Amino acid sequence: MSADIDESMVRPRVVSTAYWLWLASAVMLIVVCMIALTLPVDQIRASFTDGGASDEQIDSFLTVFRGLGVIFGVVGLAVGLMSGPVRGGDRRFRRALVALSGATALLSTFAALVFPFVLLIITVALVVASVLVYRPSAREWFVREQ
C-alpha cells in the first residue's frame, strides 16, 4: 500500500457528519409523515370536541396536520436523495440541499406547534448540517476538480 494518499481525495469529516445529519433528518421527516397520515382521526376529533372546538375548526386542523405531514414526507425524500451527491462532492447539490434545509427549518419552526419536539430536533440537525458543509475544510472538498 502506498503512503502517498492524495489529500484532495480524502473526504473531510465535517462532510461525512453533515451527510449523516441530513440522512437522520430525512428519516425523521418521513416518520413524521407516516405519523401524520396514520394517526386515528377519531381520537383527535374527540379530544378537540371535549375542548369545545367546532367541527369546522377540527376539520381545518386535520387538513393542516395531514398536509404538513405530506410536505415533510416529500421533503424527507428529497433531503435523503440529495445528500448522497453532496457527500460525493457535488457543489450544485450542496447549494440546493442547503437551501432546502433552510426552507424546511423555517417551515418546521412554525409547524412545531403541531409536532413540537421532533421538528425542533430536525430543525437543529438540518441547520448544523448546512453549516458544516461550508466549513473551510469542507470547502476544499467541493472546490477540487471533478
Side-chain angles (χ1 to χ4, degrees), residues 7-146:
E7 289 295 323
S8 67
M9 298 304 290
V10 178
R11 180 181 307 115
R13 184 172 294 190
V14 292
V15 174
S16 294
T17 304
Y19 169 76
W20 287 110
L21 283 171
W22 271 319
L23 211 57
S25 298
V27 168
M28 286 189 283
L29 284 168
I30 293 170
V31 167
V32 167
C33 172
M34 293 296 117
I35 290 171
L37 294 178
T38 60
L39 204 63
V41 175
D42 297 334
Q43 291 177 353
I44 297 172
R45 192 172 294 281
S47 67
F48 278 115
T49 303
D50 293 341
S54 69
D55 286 339
E56 292 174 2
Q57 291 172 331
I58 296 169
D59 290 338
S60 295
F61 174 78
L62 290 173
T63 301
V64 169
F65 184 73
R66 305 256 172 165
L68 282 173
V70 169
I71 289 170
F72 287 135
V74 170
V75 168
L77 288 173
V79 168
L81 291 173
M82 292 171 69
S83 62
V86 172
R87 186 179 189 196
D90 193 327
R91 288 180 282 186
R92 295 172 298 163
F93 277 97
R94 176 179 69 160
R95 283 189 296 253
L97 187 52
V98 167
L100 180 63
S101 295
T104 304
L106 187 63
L107 177 66
S108 66
T109 300
F110 292 121
L113 297 172
V114 179
F115 302 101
F117 185 68
V118 176
L119 288 183
L120 295 178
I121 293 172
I122 295 169
T123 301
V124 169
L126 289 172
V127 170
V128 169
S130 298
V131 169
L132 286 177
V133 293
Y134 277 97
R135 300 270 309 165
S137 60
R139 275 192 222 137
E140 296 169 7
W141 172 253
F142 290 101
V143 174
R144 75 188 197 297
E145 293 297 319
Q146 295 182 3

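Quick caveat: nothing in here was measured; it's all calculated off a predicted structure.
- For CZ of Phe93, the number of neighbouring non-hydrogen atoms (other residues, nucleotides, ligands) closer than 6.0 Å is 12 at most.
- Across Trp141 and Gly89, no two heavy atoms sit closer than the pair NE1-CA, 3.3 Å.
- How far CH2 of Trp22 is from CD1 of Ile122: 15.5 Å, rounded to the nearest 0.5 Å.
- The two residues Pro12 and Ser137 have their closest heavy-atom pair at CG-O, 3.4 Å.
- Checking Leu126, Ile121, Val124 one by one against Ser25, the side chain to side chain contact (heavy atoms under 4.5 Å, CB included) holds for a single residue, Leu126.
- Nearest heavy-atom pair across Gly69 and Ala36 is CA-CB, 3.6 Å.
- The distance from the CZ atom of Phe61 to the OG1 atom of Thr63 is 10.5 Å, given to the nearest 0.5 Å.
- Residues Val133 and Tyr19 fail the side-chain proximity criterion, which asks for heavy atoms closer than 4.5 Å.
- For CZ of Arg66, the number of neighbouring non-hydrogen atoms (other residues, nucleotides, ligands) closer than 6.0 Å is greater than 12.
- Two residues are said to be in side-chain contact when any heavy atoms from C-beta on lie closer than 4.5 Å; Val128 and Thr17 fail this criterion.
- The shortest heavy-atom contact between Ser83 and Leu97 is CA-CD2, 3.8 Å.
- Cation-pi check for Arg94 over Tyr134 is met; the charged atom lies under 6.0 angstrom from the ring centroid and within 45 degrees of its normal.
- The shortest distance between side-chain heavy atoms of Arg135 and Val15 does not fall below 4.5 Å.
- With hydrogens and angles disregarded, no donor-acceptor distance shorter than 3.5 Å links the side chain of Arg11 to the backbone of Ser16.
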